[in-house]
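Encoded as structure tokens, the structure appears first; notes follow it.
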Protein chains: 2
Amino acid sequence: MRPMSLPVGLPALADSDLVGQIARILMQAIVQGRLPPGSKVVEAGVARELGVSRAPVREAARLLEKQGLLVASPRRGFFVRKLEIRNIDEIYDLRLCIERHASVLAAKRLSPESRDVLRRQIDVLHQTADLDDPARQVEEDYRFHRLIFEIADNRRLLRLFDDLAAELRMVIGLIGRLYDDPHEIARTHEPLLAAIEAGHPERITAHVDYHIGHAWREVGRLVRELTPPLGNAAEPSSILFPTNGVTV
Amino acid sequence: MRPMSLPVGLPALADSDLVGQIARILMQAIVQGRLPPGSKVVEAGVARELGVSRAPVREAARLLEKQGLLVASPRRGFFVRKLEIRNIDEIYDLRLCIERHASVLAAKRLSPESRDVLRRQIDVLHQTADLDDPARQVEEDYRFHRLIFEIADNRRLLRLFDDLAAELRMVIGLIGRLYDDPHEIARTHEPLLAAIEAGHPERITAHVDYHIGHAWREVGRLVRELTPPLGNAAEPSSILFPTNGVTV
DNA sequence: CAAGATTAAAGTGTCGACAATCGACGATTA
DNA sequence: TAATCGTCGATTGTCGACACTTTAATCTTG
């Protein structure tokens, strides 16, 4: 048995695949804002907190780096990716691109069962809207869109969506509530599903464009509002965020 | 004032990045066929061969896994991804999706300079066609398409293309010569560029569809032909690495 | 002689250690 | 006082070691 110390406030890591678990834990910490953008991820700190050595932590950090959540600075360590508008735009641009595609694909491969699954998820969206739980709302929203990718049935496309979604969740988590009326969110999914059921590529892409484009503009606006305290998007010399030592 | 600051905006780093170097070396070994699909990547072997320890090798392998070149089997190690038609189709499907998008974007952002760069690359394609060097031809072909992504100016899109291209290079490297007439390759790029210059989204996507779709069908056909005989070629951990120790 | 059991070899997962490097702080100097 | 330089702690990059698993090779045994 391995001498595993007691993780204080962190979920215990029992199963194998330590690296994957650490990556997930780090990801959660990031998207939940416990590791704010710009903050440093100290390997030893994470390792100690989780009761493991630095090696698997490093590997997890590398994965998150390739995924885009972290950036590595050569002899200085890993940092949570900053909130640059450029990056937001690139993510949404790519998401729009693949979600149009996935939606059209999903329409082609839509079965009665998968149609029902989407329907039910819209119901969930409506129910969640009553809860006044923005985080949950965002989560169920993503679940709907993820379902579309699952139906599209391209594993690589799905993985890509998950990667983008993780980063978007971080952004959305930071700016808090995204829409004023949660029911509005739920409703806007209905015409999209209708278009998918109808199977008209043009109508589908139009609705996706509207739907994602709306979120894009909204997030962009809020991020722009949130960014000024940092001045312009000075990319180099990453220390414009002081060692805001909230590292885990 | 801060003590640092090299030239702003330069990626610079590169060199002392052992993990990145190992990842590149492994990638080359894979796309050049020295590590055939299905073969095992033994950490200790690679480490010894490169004169480093296993730690950075593992990190590099993890990156290549996330990129799709390797697959990890929990207590058994990393393996070069096998050549499944399903995977090929997924890659090309995604590539088609993003290349349409990138091409339309590139048209929007096309400057006289970037137009000339594309033109010149087509010239290179023609020149390369005379050399009877299939690998080189494929390389210059990718360079053209990569230029489109550069012009599209979305870093994430570009990274994604690079990831896909690496895997496609592996596939194409394995099936050897892709087209019968290299000049044909070069020529087919011209109407695509013309469409981009004209800036008609429909014409652009049509040409991209034709261009990429052609490669897709061709590769798919060849892979289908090639799959029964190959299957898996489990390699004994032996010397198949760089003829020199360019590392450390 | 084949199928299963046994043992040995190879390889992975993880750890702790150590030198090299970076950044902060304070002493030194103009 | 402000700027420069050197020192020191903190942290990274890399290594070698070790326990446990898987794979192979060998030995039983029906």
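Quick note on labels: first sequence line is chain A, next is B, and so on, each numbered from 1. Everything quoted here is computed from the prediction, not taken from an experiment.
Separating the CZ atom of A:R48 from the C1' atom of C:dG16 is a distance of 15 Å, rounded to the nearest angstrom. In this structure, A:L50 atom CG and C:dT14 atom P are separated by 12 Å, rounded to whole Å.
Considering only residues two or more places apart in sequence or on other chains, B:L131 meets the side chain to side chain contact (heavy atoms under 4.5 Å, CB included) condition with B:D133, B:R136. A search for salt bridge (charged side-chain N to carboxylate O under 4.0 Å, His left out) contacts involving A:E65 returns A:R62, not counting sequence neighbours. Listed by chain and number, the residues in a salt bridge (charged side-chain N to carboxylate O under 4.0 Å, His left out) with A:D162 are A:R146 (sequence neighbours excluded). With sequence neighbours left out, the ring pair (Phe, Tyr, Trp, His ring centres under 6.0 Å) criterion links B:F144 to B:H189. Under the side chain to side chain contact (heavy atoms under 4.5 Å, CB included) criterion, A:D93 pairs with A:W216, B:H101, B:L105, B:N154, B:L157, not counting sequence neighbours. Taking the salt bridge (charged side-chain N to carboxylate O under 4.0 Å, His left out) definition, one finds that B:E84 meets it with nothing, sequence neighbours left out. By the ring pair (Phe, Tyr, Trp, His ring centres under 6.0 Å) test, A:F78 is found to be paired with no residue, residues two or more places apart in sequence or in another chain being considered.
In this structure, A:R169 forms a cation-pi arrangement with A:Y142, its terminal cationic atom sitting closer than 6.0 Å to the ring centre and no more than 45° off the ring axis.
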Distances under 3.5 Å only, N/O to N/O: pair up the protein atoms with those of nucleotides 6-9 of chain D.
none

Can you tabulate the close N/O pairs, meaning under 3.5 Å, that link protein atoms to atoms of nucleotides 10-14 of chain D?
| from | atom 1 | to | atom 2 | distance (Å) |
| --- | --- | --- | --- | --- |
| D:dT11 | O3' | A:K40 | NZ | 3.4 |
| D:dT12 | OP1 | A:K40 | NZ | 3.0 |
| D:dG13 | OP1 | A:P74 | O | 2.5 |
| D:dG13 | OP2 | A:R58 | NH1 | 2.4 |
| D:dG13 | OP2 | A:R58 | NH2 | 3.3 |
| D:dG13 | N7 | A:R54 | NH2 | 2.7 |
| D:dG13 | O6 | A:R54 | NH1 | 2.8 |

